[in-house]
2 protein chains.
Amino acid sequence: MSNLTASGSSHHGDLKNALLQAGEQLLAEKGIAAVSLRDVARAAGVSHTAPYRHFRNKADLLRVLALIGFVRLNGEFAEARGSEKFGPERQLVAAAVGYVRFAMANPEMFRLMFGGLVLTDGDAEYMVASRAVLACLEDIMRAGIAVGVFRDRDASELALVAWTSMHGLVSLLMSGAMGVRAADRDQSGKLVRVVMQHVIFGLSR
Amino acid sequence: MSNLTASGSSHHGDLKNALLQAGEQLLAEKGIAAVSLRDVARAAGVSHTAPYRHFRNKADLLRVLALIGFVRLNGEFAEARGSEKFGPERQLVAAAVGYVRFAMANPEMFRLMFGGLVLTDGDAEYMVASRAVLACLEDIMRAGIAVGVFRDRDASELALVAWTSMHGLVSLLMSGAMGVRAADRDQSGKLVRVVMQHVIFGLSR
DNA sequence: ACCTGAACACCGTTCAAGT
DNA sequence: ACCTGAACACCGTTCAAGT
């Protein structure tokens, strides 16, 4: 009578991954506020107490989900940096565009990652994951300083400014505080470029 | 037998305000995730169905709470601009410092305002409230352009860059993604100045 | 008009118990 | 080791009913 709900064979070995997969899907579909641990378990085809074998509680599952989000975001950044035929400025713009694209494609994941609902104030894994994002930007800035296009300051300082700008832009865009509706993503591309143009101008010598 | 819970005489006329007041306090104390409509009603000394006379549902109460937050934030900005003896650059730094101070003093309120949990995707009041924040920054930028310290661009464009930067900084700071623990607010003051210095450099001619 | 109490369909979490 | 089912103390929301 137990309905094995789609999403492939799961109930044998790696229930943990099945739960995370179901969680990510529910997060994207129903939004962070509407995702319940019982729903996740249901979607994975197990009883609602089974998740407690693999996660301390609901917050812990969400925390791991956020970490997965950081891995995805890092991938987007790495891709931007990978296009080495571009100069540092264009790599920085590409990173910002990737940032926006990631947030637009996974809005609820983005909220989960930066909404502060998950944070244990000093969670080691979370800090490692988020620092990796900053590190990728630092690489770009360092290269730009070496070539002489960016100001000769601490690379981490410049990276922080860059991250701050693109994060603020995306964050405001997605919160709705900028008055841009969810449907108008085309215009946002232009917005990103305008803002990043100013930021790069400020970071350049 | 009904316990009239502190917070002054409320149960007669303006239950709506009493509920908002209780809501704001609970939000600050227990965090956005832990605030329940029943708790709010309890704190206001009424039954848990009474709030429905004044708010459509829980989300509606939270939405109004967020609007109150914007009023507070605007006050902080207005104060920064009010110090007219300062030039536009220092007014901008003052605004950023005020932004940080507000977020630090009301972290859960800040999350509520920008966390996207409340947004009805085009709520009129929300858009008015958030645009007022941008307008205040625009005034500063316009003044700076007129005096010749900022680049001669659209004031709204420069204001957007400024808002983006300070919001991103505060947002990352508070999410914990920057690895700064909640206790270290002193260092953040320095951080704000460093970032804003770069931003202003980019906005200046 | 404004508030209450019971009721409904949900939660997260715990725990004894099954294989 | 891994999962289940009942149980507990909560939710948000609705609705008939009271004053």
Side-chain angles (χ1 to χ4, degrees), chain A residues 1-5 7-23 25-27 29-66 108 112 115 117-120, chain B residues 1-5 7-23 25-27 29-66 108 112 115 117-120:
Chain A
M1 207 180 292
S2 66
N3 239 348
L4 285 189
T5 339
S7 95
S9 56
S10 59
H11 64 301
H12 49 300
D14 56 347
L15 175 57
K16 181 165 185 173
N17 272 314
L19 289 168
L20 288 172
Q21 212 173 303
Q25 197 179 140
L26 283 174
L27 177 68
E29 281 171 6
K30 306 176 48 173
I32 184 172
V35 68
S36 82
L37 202 50
R38 287 168 108 110
D39 271 341
V40 173
R42 238 184 316 263
V46 291
S47 81
H48 54 270
T49 60
Y52 288 90
R53 282 309 124 187
H54 302 276
F55 302 97
R56 273 201 2 250
N57 48 29
K58 181 186 177 181
D60 188 38
L61 187 146
L62 291 178
R63 193 186 61 89
V64 176
L65 232 41
E108 295 296 333
L112 179 64
L117 293 172
V118 165
L119 188 68
T120 24
Chain B
M1 206 179 294
S2 66
N3 237 350
L4 285 190
T5 338
S7 96
S9 55
S10 59
H11 65 300
H12 49 300
D14 56 349
L15 175 57
K16 181 166 184 171
N17 272 315
L19 288 168
L20 288 172
Q21 212 173 302
Q25 197 179 138
L26 282 175
L27 176 68
E29 282 172 5
K30 305 176 50 176
I32 184 172
V35 69
S36 82
L37 202 51
R38 287 168 108 110
D39 270 341
V40 173
R42 238 185 314 264
V46 291
S47 82
H48 54 270
T49 62
Y52 287 90
R53 282 309 125 185
H54 303 276
F55 302 98
R56 274 202 0 251
N57 48 30
K58 181 186 178 182
D60 188 39
L61 187 145
L62 291 179
R63 193 186 61 90
V64 176
L65 232 40
E108 296 295 333
L112 179 65
L117 294 172
V118 164
L119 187 68
T120 24

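Keep in mind it's a predicted model, so treat the numbers as computed, not measured. So you know, we letter chains A, B, ... as the sequences are listed, proteins then strands, and number each from 1. Hydrogens, waters and symmetry mates play no part in the numbers below; they use all other heavy atoms, side chains included.
In this structure, the CG atom of A:L15 is 13 Å from the C1' atom of D:dT4, given to the nearest Å. A straight line from CZ of B:F55 to P of C:dC3 spans 12 Å, rounded to a whole angstrom. Taking atom CZ of residue B:R38 and atom P of nucleotide D:dT14, one finds them 13 Å apart after rounding to whole Å. Across the protein-nucleic acid pair, B:H54 atom NE2 and C:dC3 atom P stand 4 Å apart, rounded to whole Å. The distance from atom NE2 of A:H48 to atom P of C:dA9 is 17 Å, rounded to the nearest whole Å. Atom CG of A:L37 is separated from atom C1' of C:dT14 by 13 Å (rounded to the nearest Å). Atom CG in A:L19 sits roughly 13 Å away from atom P in C:dG12 (whole-Å rounding). For B:L26 and D:dC10, the CG to P distance is 15 Å, given to the nearest whole Å.
Using a 4.0 Å heavy-atom criterion, one finds that A:S36 contacts the sugar-phosphate atoms exclusively.
Mapping B:R53 and A:Y52 onto DNA chain C via the closest heavy atom, the residue that lands nearer the 5' end is B:R53.
Atom CG in B:L27 sits 11.5 Å away from atom CG in B:L20 (nearest 0.5 Å). Here A:L61 contributes atom CG and A:F55 contributes atom CZ; the two are 4.5 Å apart, rounded to the nearest 0.5 Å. Annotation: the span from B:L37 atom CG to B:R42 atom CZ amounts to 10.5 Å, rounded to 0.5 Å. Atom CG in A:L65 sits 11.0 Å away from atom CD in A:Q21 (nearest 0.5 Å).
Between A:L112 and A:L117, the closest side-chain pair of non-hydrogen atoms is not below 4.5 Å.
In this structure, D:dT13 and C:dA7 make a Watson-Crick or G-U wobble pair, each of the two defining distances being under 3.5 angstrom. Shown here, D:dT19 forms a base pair with C:dA1; the pair counts as Watson-Crick or G-U wobble because both key distances fall under 3.5 Å.
With D:dC11, C:dC11, C:dC3 as the choices, the nucleotide that has an atom nearest any side-chain atom of A:R42 turns out to be C:dC11. Taking the side chain of B:N57 as heavy atoms from C-beta on, and the options D:dT13, C:dC3, C:dG12, the nearest nucleotide is D:dT13.
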